[in-house]
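Predicted model only: the values in this text are computed from it and were never measured.
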Amino acid sequence: MATFLYRLGRFSFRRRRLVALLWVVVLAACAFAAAKAPTAPEDGFSMPGTESQKAFDLLDRRFPGGNSNAADARIVFVAPEGQKITAGPNKAAVERIVADVAAGSQVKGALDPFDMAGAVSKDGTTAYSTVSYDVRSTDLTDATTKALEDAAENGRDAGLTVELGGSALVPEGELGGTTELIGVAAAAVVLLITFGSLAAAGLPLLTAIVGIGVGVASIVAIGMSTTTTTLALMLGLAVGIDYALFIVSRYRTERAEGHSAEQAAARAVGTAGSAVVFAGLTVVIALAGLSVVGIPVLTRMGLAAASTVVIAVLVAMTLLPALLGFFQKAVLPRARRKAQGGQRAEDGRPNLGTRWARFVIRRPLAVLVLSVLGLGLISVPALDLQLGMPGDESKSTSTTQRRAYDALADGFGPGFNGPLTVVVDAKGSDDPKAAAARAAEQLGATDGVVAATPPAFNKAGDTAVLTAVPATGPSSADTTDLVRTIRDEARDLRSETGATMLVTGATAVNIDVSQKVTDALVPYLALVVGLAFLLLMVVFRSLLVPLKAALGFLLSVTAAFGTIVAVFQWGWLADALGVEQTGPVMSMMPIFLIGVVFGLAMDYEVFLVTRMREAYVHGERPGEAIVTGFRHSARVVGAAAVIMIAVFAGFIGMSESMIKMMGVGLATAVFFDAFVVRMTVVPAVLALLGDRAWWLPRRLDKVLPQVDVEGEKLNHGGPAAPAPTAEPDPRPVRV
């Protein structure tokens, strides 16, 4: 592989104008195709195989035109202190607001709370109106959402407290350009500090932007929704910078050893490029493996992000060496650029990476024990991990959605914010009405249900819909138990009447998502870690190094889970991070975190350990190889990790609890993995293992393909065999 990539890098360097032009054409073509592509429909959230999804599908079939995915809104009215909402002026204001909203062009209906049973609280202070729309929330026009907000403002002018909830409201604090700009700015600063050269700092940013431009434009061009691009944009930026950073660093090292610009670019692609290819493959495995969860939107996000990673690898292998041809000396340190020649003699002063590696290999056991115990202690809260889908209760109190949630909870009880929709399929029953009545009676008698509406039938009279209001909130463990109890009771209803009862609604969907993700965690881990283990075994020609990499990842990711639980469930540092309401961890967070962090963790593992492996293959003792690997790669890996931490930490300032949770989880996971596991645990374990770390059974050695990641052929008669050019310079380059 090193020989092939060397030739590819040399070709790209020599034909740099052609290669750069081709990438410009590709980017322009993808952008043009994306601009001309019709607007893709937003991804509908479906959960194939779950009871809640079966109920939604049944509703769509039996209630034509109902559109179970249509947007809705809830307008909550609270009377001034000491007054009733049913008082004449207050009632008139409520009815006027509801009538104004009902007149909207996309509104299917707005229910008057005074004509609805149970829409006014028992104490008479609070009422609500339910607004249904003909289209999904993503298809609502600005005029429609503004009309809803204007109606609420009119109610406030009349002296009422009016708050809004439901899917019709545009979520605040969505992922957008600001976060990416913060990440790019942070990356630029770190790269400039690392390289001390504007050109060297700019090339990784430029190639990363080209990569995500091609990737995201391609995703849009083939008709995938914009929500699918979120993960692709985040990871495309992350790995694009990482991969270019590693190759530029290797190019500078090769120039410092006296190679010409062409030879240095080719050798950088042949050696560091090999690590980039295998690091990219591990990320692709982790992202494509998201399909095993069985959630279509997560599968699409994973595949889209994986394709962007592939493009980032291609850009690093071709466009980057071409750009190095345009900036042959500009990417070198200032002192090196002023010098007349190239080769620098080492002055013997060890850099920070060298000093740290020597410290670790002198005390490997103590360092290993302290690191593992520290991560284990941080992981303890993960034992209390509770999964759910935080709703409006997790939003900031500055949002109208949160205030609407609190007003409904105060007026009607906490369970009113998470009603259960119960669908009775009585097509197989001899008496559908009796079966539905029996279902309503059964629901009303169930512990934990405070109210159940009468059944409402479809035109055919074979399907009924009921609403059950739990006594507890939507994210409560008691509500989860209640849903399971109702589903168990459905078996009795079927045996008695022949009717099938299904539980759905937002609360039930969230419960089913949590269960499906929990069930998929072990298969996902087994698939991703197993395939990555095989890949790393090929890269490192070792059994123990891949095993160590996988176990180290488990340490870092469980420590990240522990941090998430401590902050978002237990409330530690909640005020400092702006977390206003503790609750369960977002259901998809574990799978998402594992997929993203595993890919980045293997990046750092490959970047750091391949350089150790390279030194070991070229004759250095195990301890010397560890120091060599750190001397050349520690600073680069550290810079890459700092960039990622800065990018992910930008999400912590967002108002959405779920986005904030992603920021905390990803930033802490990268920190633990890069600086504790890869920089500390890895050298300690390798020092303890010695030569055994690189042991591989002979049979496996014969079976596994030889990929020459270390670039050994480049130094022994390969295409890069010519001696380096002698351009003496007394000072060494430190990367």
I'd like to know if the side chain of S197 reaches the main chain of A330, judged simply by a donor and an acceptor atom lying under 3.5 Å from each other, with no hydrogens or angles considered.
yes

Side-chain contact test, heavy atoms from C-beta onward, threshold under 4.5 Å: evaluate it for S371 versus L375 and give yes or no.
no

Where do R250 and E614 land on the salt bridge (Lys or Arg N to Asp or Glu O under 4.0 Å) test, with the steps shown first?
CA-CA 13 Å; R250 188 59 182 259; E614 182 178 337; 2.7 Å; yes

Does CZ belonging to R17 count more than 12 external heavy atoms closer than 6.0 Å?
no

Below 4.5 Å, heavy atoms only, C-beta onward: do L608 and V636 meet side chain to side chain?
no

Is the backbone of L245 close enough, under 3.5 Å, to the side chain of S249 for a donor and an acceptor to pair up by distance?
no

Set out, in order, the CA-CA distance, both residues' side-chain angles and the distance that settles side chain to side chain contact (heavy atoms under 4.5 Å, CB included) for V528 and I594, then state yes or no.
CA-CA 10 Å; V528 171; I594 288 171; 5.9 Å; no

Does either side chain, that of W695 or that of S542, offer a donor lying less than 3.5 Å from an acceptor on the other one?
no

Would you give the length of the straight line joining atom CZ of F592 to atom CE of M301, rounded to the nearest 0.5 angstrom?
6.0 Å

Of V670, T680, V642, the one forming a side chain to side chain contact (heavy atoms under 4.5 Å, CB included) with F675 is V642

Go through it in stages, so that I can follow the logic: the residues are V24 and V210, the test is side chain to side chain contact (heavy atoms under 4.5 Å, CB included), and I'd like the CA-CA distance, side-chain angles, deciding distance and then a yes or no.
CA-CA 9 Å; V24 170; V210 170; over 6 Å; no

What distance separates L203 CG from L198 CG, expressed to the nearest 0.5 Å?
11.0 Å

Taking the six-membered ring of F13 as reference, does the NZ or CZ atom of R16 fall below 6.0 Å from its centre and within a 45° cone about the axis?
yes

Decide if atom CZ of F32 counts as having more than 12 heavy atoms of other residues, nucleotides or ligands within a radius under 6.0 Å.
no

On a heavy-atom basis, which atom in R252 and which in A200 lie closest, and how many Å separate them?
NH1-CB, 4.1 Å

Check whether any side-chain heavy atom of Y604 sits under 4.5 Å from a side-chain heavy atom of D673, and report yes or no.
yes

Whether the side chain of S291 engages the backbone of A288 through a donor-acceptor N/O pair (distance < 3.5 Å, no angle test) should be reported.
yes

Atom pair CG (L696) and CE (M537), whose distance is rounded to the nearest 0.5 Å:
7.0 Å

Any side-chain heavy atom of V545 sitting closer than 4.5 Å to one from L686?
yes

Taking side chain as C-beta onward, heavy atoms only, is F672 less than 4.5 Å from T563?
yes

Student check: side-chain heavy atoms of L320 and S12 closer than 4.5 Å
no

The single option from V315, T318, V248 that satisfies side chain to side chain contact (heavy atoms under 4.5 Å, CB included) with T207 is V315

Go through R7 and R10 one step at a time and tell me if the side chain to side chain contact (heavy atoms under 4.5 Å, CB included) criterion holds.
CA-CA 5 Å; R7 289 171 176 157; R10 186 174 60 184; 4.1 Å; yes

Kindly compute the distance separating CE (M602) from CZ (F553), expressed to the nearest 0.5 Å.
7.0 Å

With a 4.5 Å heavy-atom cut-off, do I241 and L191 have their side chains touching?
yes

Closest contact, heavy atoms only, A669 versus V597:
CB-CG2, 3.5 Å

Do R355 and F359 make a side-chain contact, defined as non-hydrogen atoms from C-beta onward lying under 4.5 Å apart?
no

Side chain to side chain contact (heavy atoms under 4.5 Å, CB included) evaluation trace for T282 with L535:
CA-CA 8 Å; T282 60; L535 190 64; 3.6 Å; yes

Any side-chain to backbone donor/acceptor pair from R255 onto A264? Under 3.5 Å, distance only.
no

Judged by atom type as modelled, is there a donor-acceptor pair below 3.5 Å linking the side chain of E257 to the main-chain atoms of E254?
no

Can you name the nearest heavy-atom pair linking P705 to R541, along with the distance?
O-NH1, 2.7 Å

Look at the rings of Y243 and F607 and say which category their plane angle falls in: under 30° parallel, 30 to 60° tilted, over 60° perpendicular.
perpendicular

What's the spacing between F598 CZ and S556 OG if we round to 0.5 Å?
10.0 Å

Side-chain (R363) to main-chain (V360) donor-acceptor, under 3.5 angstrom
no

Can you name the closest pair of heavy atoms from A316 and P321 and give their distance?
O-CD, 3.4 Å

For a quick test of reading the model, state the closest non-hydrogen atom pair linking G302 to L290 and the distance between them.
CA-CD1, 3.8 Å

Closer than 3.5 angstrom, by distance alone: can the side chain of W694 be matched with the main-chain N or O of V617 as a donor-acceptor pair?
no

Could you check whether any side-chain N or O of T628 sits under 3.5 Å from a backbone N or O of A615, counting only pairs where one atom can act as donor and the other as acceptor?
no

Is it true that the side chains of Q263 and Y6 contain a donor and an acceptor less than 3.5 Å apart?
yes

Note: A221 and A37 closest approach over all heavy atoms is O-CB, 3.9 Å

Report yes or no: does R635 contribute a side-chain atom to a donor-acceptor pair with the main-chain N or O of T194 at less than 3.5 Å?
yes

Out of curiosity, I626 CD1 to Y616 OH, how far, rounded to the nearest 0.5 Å?
11.0 Å

